[in-house]
Amino acid sequence: MAEKIKVLLKEEEVLARVKELGEQISKDYAGEEVHIICILKGAVFMATELAKRITVPVSLDFMSVSSYQGTTSTGAVKIIKDLDHIIEGKNVIVVEDIIDTGRTLDYLIKMLRNRKPKSIRLCTLLDKPDRRVVDVDVDYVGFEIPDEFVVGFGLDYDQKYRNLPFIGVVEFS
Ligand code: IMP
Ligand code: MG
């Protein structure tokens with residue numbers, strides 16, 4: 001219980017940026033529909049907030065994956081909960097909370113491409129580019145942040161702090 005949380009991005013800043021991303025997506029997909037795939041659990045807050053800011057028709061689905069394990073990782077990701085709906089022919093936007101090494105998303109995007117969506121793009125609330133191990137094309141980024149462990153707006157530390165309305169850095173002491 002020793003950790004303290006220092007505010008990195010205030011609630012207003014986060015919401016304003018998500019609104020901008022929603023407006024950008026609405027323009028990019030004018031006349032089309034988008035199918036948001038929310039990666040549980042971290043992206044729940046981002047995905048719902050973003051969906052509210054998109055003005056073209058939106059459908060939503062959820063997927064839960066386990067992170068790669070150990071240090072000798074193959075990058076393989078285990079699907080804990082697969083999608084409920086087919087994505088063939090749909091304009092998919094995968095929504096993540098944060099991209100760190102990029103391993104999870106790299107694996108996931110390749111797997112989803114095999115299901116023949118009409119298009120597939122990636123949107124993340126946060127990006128830690130300094131930590132990237134695998135190259136991933138990210139189409140919509142909320143904020144690039146330094147290599148620090150953050151929580152809030154869906155992100156957890158040991159399943160805690162997801163409900164913080166702002167993004168904070170965990171200060172371990
Ligand atoms: P990666 O990009 O495959 O390394 O995995 C990213 C995942 O690691 C995210 O979806 C988060 O669940 C988790 N993660 C990475 N950095 C942080 C952080 O600063 N706070 C909370 N979770 C993080
Ligand atoms: Mg995640």
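Counting convention: from 1, in listed order, for ligands and their atoms alike. In this text, all values refer to a predicted model and were calculated from it rather than measured experimentally. Excluded from the calculations below are hydrogen atoms, water molecules and symmetry mates; all remaining heavy atoms, backbone and side chain alike, are included.
- The heavy-atom pair separating Pro117 from Val92 by the smallest distance is CB-CG2, 3.9 Å.
- A heavy-atom separation below 4.0 Å is found between Leu155 and ligand 1.
- For ligand 1, the atoms closer than 4.0 angstrom to any heavy atom of Glu148 are 19 (O).
- Within the listing of ligand 1, atoms 21 (C) sit less than 4.0 angstrom from a heavy atom of Asp156.
- With respect to the salt-bridge test (charged N to carboxylate O, under 4.0 angstrom), the residues Lys41 and Asp156 do not qualify.
- Salt bridge status for Lys27 with Glu23: absent, with no side-chain N to carboxylate O gap under 4.0 Å.
- The pair Asp82-Arg115 meets the salt-bridge criterion, since a charged nitrogen lies less than 4.0 angstrom from a carboxylate oxygen.
- Residue Glu96 approaches ligand 1 through these ligand atoms, each under 4.0 Å from one of its heavy atoms: 10 (O).
- Ring geometry, Phe153 versus Phe45: the interplanar angle falls from 30° to 60°, so the pair is classed tilted.
- Using 4.0 Å as the threshold, Gly102 has a heavy atom nearer than that to some atom of ligand 1.
- Ion pairing of Arg53 with Glu49 is present here, as a side-chain N (NZ or NE/NH1/NH2) and a carboxylate O approach within less than 4.0 Å.
- The parts of Thr104 lying near ligand 1 are both backbone and side chain, judged by heavy-atom distances below 4.0 Å.
- The closest approach between any non-hydrogen atom of Val150 and ligand 1 is below 4.0 Å.
- Using a 4.0 Å cutoff on heavy atoms, Lys128 counts as a contact of ligand 1.
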